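Heads up, the thing below is written out as structure tokens.
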There are 6 protein chains.
Amino acid sequence: MRRRRGIEALNRITQGQGRAVIESLADIAPALGDFIIDFSYGDVISRQQLDLKTRELATVAALAALGNAQPQLKVHIHGALNVGASREEIVEILIQTAVYAGFPAAINAVSTARQAFAERN
Amino acid sequence: MRRRRGIEALNRITQGQGRAVIESLADIAPALGDFIIDFSYGDVISRQQLDLKTRELATVAALAALGNAQPQLKVHIHGALNVGASREEIVEILIQTAVYAGFPAAINAVSTARQAFAERN
Amino acid sequence: MRRRRGIEALNRITQGQGRAVIESLADIAPALGDFIIDFSYGDVISRQQLDLKTRELATVAALAALGNAQPQLKVHIHGALNVGASREEIVEILIQTAVYAGFPAAINAVSTARQAFAERN
Amino acid sequence: MRRRRGIEALNRITQGQGRAVIESLADIAPALGDFIIDFSYGDVISRQQLDLKTRELATVAALAALGNAQPQLKVHIHGALNVGASREEIVEILIQTAVYAGFPAAINAVSTARQAFAERN
Amino acid sequence: MRRRRGIEALNRITQGQGRAVIESLADIAPALGDFIIDFSYGDVISRQQLDLKTRELATVAALAALGNAQPQLKVHIHGALNVGASREEIVEILIQTAVYAGFPAAINAVSTARQAFAERN
Amino acid sequence: MRRRRGIEALNRITQGQGRAVIESLADIAPALGDFIIDFSYGDVISRQQLDLKTRELATVAALAALGNAQPQLKVHIHGALNVGASREEIVEILIQTAVYAGFPAAINAVSTARQAFAERN
């Protein structure tokens, strides 16, 4: 149940990218991959209290502010686009990062967004 | 122009709380207060590329993830409520913090939300 | 199953303190409390690949390094003591924090340890 | 030698405050206090490659940016003043924190400066 | 006015490198580039309360401590050199990072300095 | 004395890798290399209050949680293996990082572990 719900949310948001992350964990930390599917996507991200687009934009905001999670930021920039956010909205979230976490975090997040956008063109 | 736009955005979002922060800076760092109004609120937060509710929820997500900005997190939990977010949506953002920044960050953010909610009752 | 395993691990490690944290979440974020029991304690912390004492000392090391999770650090200093670590071992972990995360993080962690130790005397 | 040099630097910069920190560590982590004197002050801070005022202003900048070391930030705001920095220079460093680490870090650092300044009045 | 003052400060400190950063933002986040010039350099960094060399050394200290802003650290190591700091002073700031943010932050900052120094040889 | 003790601890734990780090610092920051040997390894890490395996596992936990010290994390994953920890125990520490510092930190730490393990095969 959690597993199926998790896989559905993972597929809908990351369209294959998240699955690749899970598979890359299979060699040395398969339990971590299971927890990502069952807990992160099955328990938390598939909750109905927030629409998926707002959820993904908030995730982008959190990862940009943290500043040391660029691979995950890229996955969720794709994720936000996959569930209906526009590039303009994502960039706006990243610009706002300058206010709360400083310009270096914002600049580095925009670099990651540039890569993500390029992958979709 | 930036000043007026900043004050309007500050008032609309924080309904007096942000003004109190600005005034508390007036004794030793008035320029920082000016920058908050003119730059943070006048230049960035009043941009139209994102609706205010999504903007505030993203701010809550970023501050909760950073984990060392509890006073500002409280201001923006109020801010999110002031521009139309529900308590349920805010709590949902904070629960999601556990996935991206760990359970301690999520638990501490919920403590701050409890204080903010209590102040409004 | 996860629930029962989680409650057992929570009780064994935190001896009531963790339960108080869960209950404090019940008013506005009960799902977060459930996730702490079911996922953190039921899925992860009760895994058998590491003895509980090493697990708790590693948790103390991580929370001390993060530096913005003092309430959780206190819970796990108690937790480490509850599962067999000595005060001397815990202090040693905290001193080592100076090497990896700097002296301020180490000093603040020792302050938290002082409080935890005093609560047990 | 390191000990004497460390105590001299500690006294010159913190004028008793640092000594109080060392003494507060004596009950449970005396080795950490020794390392602060011998290594931090005796080995590093008393090096001659940088004048003390620049060194203390750089320390204030680093601690303000980290954001979770307010007690140490207060000690070094006093330290910077003790070795010749002006309040205006310190506030300027803290305002600049907004650019590199975001406005919350800057605002919280100014709050700490307000306390330090009040203690000297 | 802010724009001209910002461009002058940017040019003086970064001698072209900062301009390259601004231009790299022009495709997807031109507003962020404007904010860097007008706010960061025009409003904050060109303030007169601190000499430029102390300002840049403090910036180097803050970015080294944060630890996840290596591209910006490199820009400001160049910046500090451009406004009169010596390599020895910069290295001294980075060594001191070990005390406040831990040895990994100091070691990684020295690696970035090595790259910056090599670019100037 | 500190020097000899430091070199012995460095050699035992890092088996040459740490020595390479020290040598890489010799060109621009030799004092930092000395401090790593004399203070980090000679003063702190060679203390007897904790067995080396627990010490290294705690170091791995701290570095994984910090999230911006991947080169050092790799050195200490090797270090933990060199002093008797199993790959399974290290992976377990890294999985637990998800609970305290979030899934991105855990996933990135597992990537670093994969590289370290591959270097030993």
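This is a predicted model, so every value here is computed, not measured. Chain letters run A, B, ... following the sequence lines, proteins first, then strands; residues in each count from 1.
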message: Does any backbone or side-chain atom of A/Val110 lie under 4.5 Å from a heavy atom of chain E? Answer side chain, backbone, both or neither.
response: both
task: Check each atom of E/Leu63 against the heavy atoms of chain A and say whether the ones under 4.5 Å are side chain, backbone, both or neither.
output: side chain
Interchain contact, A/Ala105 with chain E, by part (heavy-atom threshold 4.5 Å): neither
query: Which pair of heavy atoms, one from A/Val91 and one from E/Ala29, lies closest together, and at what distance?
result: CG1-CB, 3.8 Å
query: For A/Arg3, does the CZ atom have more than 12 heavy-atom neighbours from other residues, nucleotides or ligands under 6.0 Å away?
result: yes
Under 4.5 Å from a heavy atom of chain E, the part of A/Ala98 involved: side chain
task: With a 4.5 angstrom heavy-atom cut-off, could you sort out which part of E/Phe39 is near chain A: side chain, backbone, both or neither?
output: side chain
- prompt: Stepwise, does the side-chain contact (heavy atoms from CB on, under 4.5 Å) test hold for E/Leu32 with A/Phe103?
  reply: CA-CA 9 Å; E/Leu32 186 60; A/Phe103 279 86; 3.8 Å; yes
- request: Would you confirm whether A/Arg87, through its side chain, and E/Ile28, through its main-chain N or O, come within 3.5 Å as a donor-acceptor pair?
  value: no
query: Got more than 12 heavy atoms from elsewhere within 6.0 Å of CZ, E/Arg47?
result: yes
- request: Please state whether the side chain, the backbone, both or neither of A/Leu66 comes within less than 4.5 Å of a heavy atom of chain E.
  value: backbone
